[in-house]
Amino acid sequence: MAAVLVDHLDQPRRLLAARRSTPADLAGRWEFPGGKVQAGEHPCDGLRRELDEELGVEVVLGAELSGPADGYWPISDAYEMRVWFATLSVGDPTPTGSHDELRWLTADALGTVPWLEADRAVEDVLSRLMVCPKTC
């Protein structure tokens, strides 16, 4: 599961991207922060936990962004993810562990970072949903 962490749930103008530092084959590529659900954990609770662990923040979850594969976003033949919009409620995002950099991106800047393949599909949809500033 992953979060599209935005500045505003109703009219997002910016979203947070996280650059992977590990594992080596993913290092330098960008993604939406998130992680895996633990056994018996509700996906929303798992996403909140992962964002606290990865970024040191608490969030309010918004709507789920349904993917093209029965609501899921394919990651590989064996894995798929669910994606929710979220906004900060407590804390300032700080990269820890598997990330070494964070960036707030506007709609016109989404294509300026090398996204992981699964996240690129999400980014493509988001570029059409975000509010573009007047300079876009």
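In this chain, residues are counted from 1 in sequence order.
No donor-acceptor pair closer than 3.5 Å links the side chain of T22 to the backbone N or O of G97. Looking at D100, its side chain never comes within 3.5 Å of a backbone N or O of S21 through a donor-acceptor pair. No side-chain donor-acceptor contact under 3.5 Å links S98 to the backbone of R20. Put simply, the side chain of T87 never gets that close to the backbone of V60: no donor and acceptor are under 3.5 Å apart. Side chain of H99 to main chain of E101: no donor-acceptor pair is present (N/O by atom type, distance under 3.5 Å, no hydrogens or angles).
E31 and R29 are not joined by a salt bridge, as no carboxylate oxygen comes within less than 4.0 angstrom of a charged side-chain nitrogen. In this structure, E117 pairs ionically with R120, as a charged nitrogen and a carboxylate oxygen lie closer than 4.0 Å. For R13 and D7, the salt-bridge test fails: no basic side-chain N is under 4.0 Å from an acidic carboxylate O.
Placement of L9 and L105 within a single hydrophobic cluster is found when ILVMFWY residues are connected by side-chain heavy-atom separations under 4.5 Å, directly or transitively. Residues V113 and L110 share a hydrophobic cluster, clusters being chains of Ile/Leu/Val/Met/Phe/Trp/Tyr side chains in contact below 4.5 Å.
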For side chain to side chain contact (heavy atoms under 4.5 Å, CB included), just list the numbers for D119 and M81, CA-CA rounded to whole Å, side-chain angles, deciding distance to a tenth of an Å, and then say yes or no.
-> CA-CA 10 Å; D119 294 80; M81 70 178 169; 4.2 Å; yes
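Of the residues V125, V122, L129, the one that meets the side chain to side chain contact (heavy atoms under 4.5 Å, CB included) test with V4 is V122.
The minimum heavy-atom distance between G71 and E64, with the atom names listed, is O-OE2, 4.4 Å.
Residues that satisfy the salt bridge (charged side-chain N to carboxylate O under 4.0 Å, His left out) test with D45, not counting sequence neighbours, are R48. Residues that satisfy the side-chain hydrogen bond (donor to acceptor under 3.5 Å, both in side chains) test with E41, not counting sequence neighbours, are R49.
For the atom pair E80 CD and W73 CH2, the distance stands at 12.5 Å (nearest 0.5 Å). The distance from the OH atom of Y72 to the OH atom of Y79 is 15.0 Å, given to the nearest 0.5 Å. Between the CZ atom in R14 and the NE2 atom in H8 there is a gap of 12.5 Å [rounded to 0.5 Å]. The CD atom of E123 sits 13.0 Å away from the CH2 atom of W30 when rounded to the nearest 0.5 Å.
Counting non-hydrogen atoms of neighbouring residues, nucleotides and ligands closer than 6.0 angstrom, the CG atom of D25 exceeds 12 such neighbours.
Summarising the hydrophobic clusters (Ile, Leu, Val, Met, Phe, Trp, Tyr; side-chain heavy atoms under 4.5 Å, direct or chained), the residues clustered with W104 are M1, L5, L16, V37, L47, L51, L55, V57, V59, L61, W84, L88, L102.
Looking only at side-chain heavy atoms (C-beta outward), P33 and P93 stay at 4.5 Å or farther from each other. Using a 4.5 Å cut-off on side-chain heavy atoms (C-beta onward), F85 and L126 make contact.
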